[in-house]
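What you see is a predicted model; the values in this text were computed from it and never measured. By convention in this document, chain letters (A, B, ...) are assigned in the order of the sequence lines, proteins followed by strands, and residues within each chain are numbered from 1.
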Amino acid sequence: MSDLKTVLGEAVEAAFAAEGVPAELARVTPSDRPDLADFQSNGALAAAKRVGKNPREIATAVAERLKSDPRLASVEIAGPGFINLKLTDAALADRANAVAADPRTGAETLAEPRKVIVDYGGPNVAKPMHVGHLRASIIGESIKRIYRFRGDTVVGDAHFGDWGYQMGLLIGAVCDENPEIAALVDQLNATGDVADEIPDAFRAVTLADLDRLYPLAAAKGKEDLTYRDRARKLTADLQAHKPGCYVLWRQFRAVTQVALERDFHALGVDFDWWKGESDADPLIPEMVAELDAKGLLVDDQGARIVRVAREGDKRELPPLLVVSSEGSAMYGTTDLATILDRKRAFGPDLVIYCVDQRQADHFEIVFRAAYLAGYAAEGQLEHIGFGTMNGPDGKPFKTREGGVLKLNDLIEMTRGKARERLHEAGLGENLPESEFEEIASKVAVAALKFADLQNFRGTSYVFDLDRFTSFEGKTGPYLLYQAVRVKSLLRKAETEGAAAGPVTVAEPAERDLVLTLDAFETALAEAYDKKAPNALAEHAYRLSQAFSKFYAACPILVAAPPVRGSRLTLAAAVLRQLETALDLLGIAVPERM
RNA sequence: GCGCCCGUAGCUCAACCGGAUAGAGCAUCCGCCUUCUAAGCGGACGGUUGCAGGUUCGAGUCCUGCCGGGCGCGCCA
């Protein structure tokens, strides 16, 4: 079952072919002029240029052939050669019935599914997540769901930052502050014993400690070369699995895990793999040896690098730093080893890295190295960058004090606002406390996610809590409200014993609604192809609006049975499609509000 | 300095391979609740798509230059 755009596209293609003009140009799109038509094809203009004929002549000949199509109510030529197509009410009703009967409400699946890894979230061990992780989590989660829904086999991987210089910094800082820990680290390092149980002295280290120490240590490392060198040495010690460093590091991971799970859970973000940089560590020695054997590894200023510059580059791309002069792995090293690890473990056709746009160069370098090493085929690695979430000043979001806002605080803040809004509107007042809290959480998540995903990921946007949590306008809460309104309607229909029936189309609002339902497949395909959830967000909003207009213009429960049945079928189809679309954005809908 | 991204309505953002009259939301103004959740619906107002050229029958979209903003440029991630 294809959408109308595709079906009409095939019809116009056939007409083009029959006229002897290139059929591949016969693209049908939704009409730019809904007052004139449902769909249009601009192919005659492109074809005219290609074959050197008058576009209106081609359009007229094609239109003549299309007029016999029983699904079309009218075929008209406009302007320089646009072909305007209007469907019959019966054709729309057929499509509506098909969408309503389809569990996927009209969304197609891929003919050739692929194996895909989506790498997103990017939390760091020993550091609480902050607003910077919000976009990666929201966008990555949505892309993962979209790919999976289309039929790919998809794995989402959190890819912790747990193996770099910041770990050495923290080991040093914790030891400086606590002599007991320092002594134990030295002792374990010396004896070579790796304890199964983390010693109590290490267990005393909390996430708050790490959170407090890291900024200080990072700052000191920038100024004090001795301090920095020691941290780098400790990083190398950790990577060499020196027991004291390694066991202390396990404590860092453990205390971080709890907070990360809480934050991701609150956002409705979930991973199939909770892997980190450290998981790729065991592959590094053989990888380095292999790079060396392939002649890719070059000694340079005490470090070992892979040169990735290519002929025709507009600028000189830095090399990939594989082994630092200290002997430690850099983040590019673990990223490359991770590619190898994933190739062996899963064999992905595509890996999508959903990471801040600022790391574009880094990924280009790593990808090139991976292609050179034969760890992936050209094009199988793709960085999907995104802009920053900014404050009212247009600069990356900061707290009033100028610090970084923790993700957990942001979520709490948004929930508080959601409760406030619900109370203002007098919603959910008679509901039990637990359900009200559930609703407030869903409203908060919908507000944050929809505000993010309605923008194209590449651009930055301004964070405005009041606007995001508003129930009016193009917001997440508005969409939830619309969905809940349909649920309420369908519940009422059930208690009244009103049954759904075949769809008929008569009113303009019904036509528009069916055309919008039909457009789901196009929106989904675009979101998939361009890795752009905003296409789906836009569709969800249009669908809600189309329904709201229909709801206002067409009484449902009080209508006579055949019409009532038709409208109930439409309402049920809208609800399922809307919930599907929202689910693909990572947004869950409550039962009532 | 070199490179990448961005500049669209008062504000926040869209715009399907280059197509008709550049669309939404907010804000402002005017209507609509004895009727299924009015957190809604209808209407009005609002634009030299940063500037200047070029390609094209046709440019927000492609090319060149300039102005303005953001970001990146090997031992942090």
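Under 4.0 angstrom from either OP1 or OP2 of B:C26 there lies no side-chain N or O belonging to A:Lys474. For the pair A:Thr522 and B:C16, the criterion of a side-chain N or O lying under 4.0 Å from OP1 or OP2 is not met.
Remark: A:Glu579 engages A:Lys487 in a salt bridge, criterion side-chain N to carboxylate O under 4.0 Å.
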Distance-only donor-acceptor hits, side chain of residues 38-46 of chain A, under 3.5 Å, sequence neighbours excluded:
{"unit_1": "A:Asp38", "atom_1": "OD1", "unit_2": "A:Arg511", "atom_2": "NH2", "d": "3.1"}
{"unit_1": "A:Asp38", "atom_1": "OD2", "unit_2": "A:Leu87", "atom_2": "N", "d": "2.8"}
{"unit_1": "A:Asp38", "atom_1": "OD2", "unit_2": "A:Arg511", "atom_2": "NH2", "d": "2.6"}
{"unit_1": "A:Gln40", "atom_1": "NE2", "unit_2": "A:Asp32", "atom_2": "OD2", "d": "3.1"}
{"unit_1": "A:Ser41", "atom_1": "OG", "unit_2": "A:Arg27", "atom_2": "O", "d": "3.2"}
{"unit_1": "A:Ser41", "atom_1": "OG", "unit_2": "A:Gly43", "atom_2": "N", "d": "3.3"}

Spell out protein contact along nucleotides 65-77 of chain B as letters: B when the base is contacted, S when just the sugar-phosphate is, - when no protein heavy atom is under 4.0 Å; keep the 5' to 3' order. ------SS-BBSB
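With both ends at atom C1', the span from B:A15 to B:G23 equals 7 Å, rounded to whole Å. Rounded to whole Å, the separation between the C1' atoms of B:C16 and B:U28 comes to 32 Å.
Candidate nucleotides B:C36, B:G25, B:A20 were compared by shortest atom distance to the side chain of A:Tyr541, and B:G25 ranks first. The nucleotide whose nearest atom lies closest to any side-chain atom of A:Arg27 is, among B:C17, B:U12, B:G40, B:C17.
Nucleic acid contact for A:Ala78: base, since at least one base atom lies under 4.0 Å from a heavy atom of the residue. Among the heavy atoms of the strands lying under 4.0 Å from A:Glu472 are primed sugar atoms or P, OP1, OP2 only; no base atom is included. Contact annotation for A:Asn84: base contact, defined as any heavy-atom pair under 4.0 Å involving a base atom. A:Val462 comes within contact range of the sugar-phosphate backbone alone, with a heavy-atom separation under 4.0 Å but no base atom that close. If you check every strand for non-hydrogen atoms under 4.0 Å, A:Asp35 touches a base. Within 4.0 Å (heavy atoms only), A:Ser488 reaches at least one base atom of the nucleic acid.
Taking a pair as Watson-Crick or G-U with both hydrogen-bonding distances under 3.5 Å, the stems of three or more pairs touching RNA chain B are B:1-7 with B:67-73, B:10-13 with B:23-26, B:28-32 with B:40-44, B:50-54 with B:62-66.
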Shorter than 3.5 Å, N or O on both sides, protein versus nucleotides 58-64 of chain B: list them out with atom names.
{"unit_1": "B:G58", "atom_1": "O6", "unit_2": "A:Lys49", "atom_2": "NZ", "d": "2.9"}

Which protein N or O atoms sit under 3.5 Å from an N or O of nucleotides 41-45 of chain B?
{"unit_1": "B:C41", "atom_1": "OP1", "unit_2": "A:Tyr478", "atom_2": "OH", "d": "3.2"}
{"unit_1": "B:G42", "atom_1": "OP1", "unit_2": "A:Lys549", "atom_2": "NZ", "d": "3.2"}

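A perpendicular orientation is assigned to the rings of A:Phe468 and A:Phe463, their planes being inclined by more than 60° (bins at 30° and 60°). Taking the six-membered ring where tryptophan is involved, the planes of A:Phe436 and A:His423 are essentially parallel, since the angle between them stays under 30° and well short of 60°.
Stacking between A:Phe82 and B:A20 is shown: the ring centroid lies under 5.5 Å from the centre of the six-membered base ring, and the planes differ by under 30°.
Residue pairs meeting the salt bridge (Lys or Arg N to Asp or Glu O under 4.0 Å) criterion with at least one member in residues 554-572 of chain A, sequence neighbours excluded: A:Glu510-A:Arg567.
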